[in-house]
Structure formats: structure tokens, C-alpha cells
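Read the structure below first, then the notes.
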Amino acid sequence: MSNQTQSINILAIESSCDDTAASVLSNGKVLSNVVSSQHIHELYGGVVPELASRAHQQSIVPVVDLAIKKSGLNLTDLSAIAFTKGPGLIGSLMVGSSFAKSLAYALSLPLIGVHHMEAHVLAHFIPENKPNFPFLCLTVSGGHTQIVRMDDYFSFEVIGKTIDDAAGEAFDKSAKLLGLPYPGGPLIDKYAKEGKVAFKFSQPQINELDFSFSGLKTNILYFLQKQVKENEDFIKDNINDICASIQDAIINHLMKKLKLASVQTGIKNIALAGGVSANSGLRNAIETEGLKSQWSTFIPPFEFCTDNAAMVGITAHYKFLENQFEDLNTAPLARF
Ligand code: KG4
Ligand code: ZN
């Protein structure tokens, strides 16, 4: 038997929202990581599910093809096919799951279904610097905001979550109020770098480790309406300071709950995951608090923070080791 056939080579596919992604991993090492982002949604100020699934249909073959080519492996070298089974947009998930299922069937390979949020957390096991268990993971994306206590790869507990909007939504909806295109999170980050915290927004009051962002959004809306009434160029004149102030309010809320979670659990291994972990202000806040509170902090490289298939692949790698496969005949292959 050659070395190649002894390796665990996984092709992973991610299609839960508006990125079509494929990645090939060999023994947990990323050989290729391809992402095709859909820009059509910028015209509509948010992801349009029907357009997302159609775009996945168009790009799934070239994206998978490129991931295989870049990996230097052949389809015949693969040990398993992995895909995101949810949560996400059902039409988008169906494209990835149907493609993965067909490929697994055609190649007679095992199929591995992966939970999208679990994949964001386990992305921390891609880089060399991996967290030790137990660790707390603040997972912040466009659809989720939660603090997860990780005791092992597949043993975890969600100890805090948002009761309304996700942190990414708070960024995107605030950006929309400022007339910025979707997704506005990266733009708020960009403008905030040039601004100062000149405006104070009220902090959400919510119990224990849970989060709430909808009140903040309303607070920002009323503030802008009042200011624009007095000066119609208020947003244009103060864009950097407004963005710095919005970002500060969101980060303060996230940090308050993360610090409380660390104190309550006594866990000082702190990880950050999800698309919002690309935010430079949040990264700084975690590093600064880490130095103050003697945390060991883990923030994956940018390409593994936003939606990608390498995170699905690393999760599938650990599932492969534990023989956690889908039954091609009976398993529901896509879930919301
Ligand atoms: O994890 P992700 O790529 O997709 C979901 O599963 O939702 O996260 C996307 C979210 C969007 O809301 C986007 O605005 C936000 O992550 N995001 C950011 C930044 N980069 C991406 N938010 C703030 N600052 C950033 N630099
Ligand atoms: Zn995500």
C-alpha cells in the first residue's frame, strides 16, 4: 500500500450561505482552500436565498475542480467527502449536500456531514498553535453569536447566545443605516480605523452570558435620524467617528460577556471564531484583555475565520477518526 492511500485525504464542501467553497486536507493539513464569493447580493443589501442557491449551482463544479487541482491530489486519492449540512439557507445547503452525496456515491467513498458552527470552532485546529481543552470560543458570524465551552472535539456546551440579532447582523444592519453596501461589517472596520469613539450608544442590558443587539440597532437609528435632521451631511462628515463608535459599542458588549464567561468557568484558554473575528477592533480587544487577565488567546488566520471549506475539512478529519459517517440512504443531508 502506498503512503497516499494510508493518508486521510478529505475533500470538503461549504455552501451554507453566499460563499461556494471547497478544500482538500491530507491528515488534517490544508492542501487547498478555494472560496468563490457571490457579489450579486450587494445590489440587494443582503443575501437573497434564491439567487444564492443559483450561484452555488454555477460555481460548485469549477470551485471543487480548482480545489482538487491545487491540492496536487487526484479524486482517486480521496478517503472521504465532507459537506456542511447546516445551519444555513436550505437552497444553498441542498446544492453542496447533493453534490457531495453524488460524488461520494460515484467514488464509493464515505460521506461526512458537518455542523457549520462546529466547523467555525474547530477551525482552531488548522494552525500549528492549537488550543488545549477546555477552552471557551466566542463564535461571531452573520447568523450566530455564542460562547461555547469546548471540552473535547465533539463535547461542547453553548453557555451564552444572542436572543435576537447576531453580531455580524449588528454590523451589517448598522452599515445599512449609514448607506454602506452589504456586507457592511468589513467597511465599518475600515472606517473605524480612521476614527475615534465620539458618540456613546447605550449598552444592551441582558442577563448572564446571553447577548442582544436589536436595541443597539434602534438606538443607532434614532441617533442618526436626530443628527441628520440638524445636519443632512452628518453621516458623510462623521463617517469615521460614527463607525468607530458603533464598533466600540458592539465590541464592548461581546467583551463584557466573554470576560464574565471566563470568570464563571475559570477557563483562560480563549478562542475567537466566525466571520466577525476578522474585525481588527475585536482582535485587539481580545489580545489586550488576554494580557491583562493572563488568557491564552487563539485567533485563526483570516482565511479560516470567514466562511470556508477548510474548517469543514478539519472537522471531518476528526469525525473520520471517530467513524462518524452519514448513511447515504437514510440521512437527511441538509438542515436549516
Ligand atoms: O462567518 P461568516 O463569514 O458567515 C456567516 O456564517 O454568517 O460571517 C459573515 C459576517 C458578516 O456579517 C460580515 O459583515 C462579518 O462577518 N464580518 C465583519 C468583518 N469581516 C466580516 N464584521 C466586522 N468586521 C469585519 N472586519
Ligand atoms: Zn459562518
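For this chain, numbers begin at 1 and follow the sequence in order. Both ligands and their constituent atoms are indexed starting at 1 by order of listing. Heavy atoms only: backbone and side chains are in, while hydrogens, waters and symmetry mates are out.
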Got an N/O contact under 3.5 Å between [X] and ligand 1?
| X | answer |
| --- | --- |
| T306 | no |
| D172 | yes |
| F171 | no |
| N279 | yes |

Looking at ligand 1, would [X] count as a contact under a 4.0 Å heavy-atom criterion?
| X | answer |
| --- | --- |
| Q247 | no |
| H116 | yes |
| C17 | no |

Short side-chain donor-acceptor distance under 3.5 Å, N129 and H124 |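 No, no side-chain donor-acceptor pair sits under 3.5 Å.
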May I ask you to list the residues sharing a hydrophobic cluster with I206, side-chain cutoff 4.5 Å, ordered by chain and number?
->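 Reading the cluster by chain and number, I206 sits alongside I163.
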Hey, which protein N/O/S atoms does the Zn ion (ligand 2) have under 2.8 Å?
->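 Protein N, O or S atoms closer than 2.8 Å to the Zn ion (ligand 2): H116 NE2, H120 NE2, D307 OD1.
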List every atom of ligand 1 that sits less than 4.0 Å from any heavy atom of P183, numbering the atoms from 1 in the order shown and giving each element.
->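 Counting atoms of ligand 1 from 1, those under 4.0 Å from P183 are 14 (O).
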Report, in ascending order of atom number, the atoms of ligand 1 lying under 4.0 Å from any heavy atom of G143.
->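 Counting atoms of ligand 1 from 1, those under 4.0 Å from G143 are 7 (O).
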Please state which part of D307 comes within less than 4.0 Å of ligand 1, counting heavy atoms only: side chain, backbone, both or neither.
->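 Answer for D307: both.
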According to the side-chain hydrogen bond (donor to acceptor under 3.5 Å, both in side chains) rule, which pairs have a member within residues 179-193, sequence neighbours left out?
->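 Passing the test, one end in residues 179-193: D189-S280.
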Sub-6.0 Å ring centroid separation between F154 and Y318 =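 No, the ring centres sit 6.0 Å or more apart.
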Are F298 and F133 close enough that their ring centres sit under 6.0 Å apart?
->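 F298 vs F133: aromatic centres not under 6.0 Å.
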Identify whether the distance between the nearest side-chain nitrogen and carboxylate oxygen of K69 and D65 falls below 4.0 Å.
->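 Yes, K69 and D65 are salt-bridged.
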Looking at atom 1 (O) of ligand 1, what's its closest protein heavy atom, distance included?
->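 Atom 1 (O) of ligand 1 sits closest to the protein heavy atom G275 N, 2.9 Å.
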List for me each residue that meets side chain to side chain donor-acceptor pair (under 3.5 Å) alongside S71, sequence neighbours excluded, and say none if there are none.
->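 Listed in chain order: nothing, the list is empty.
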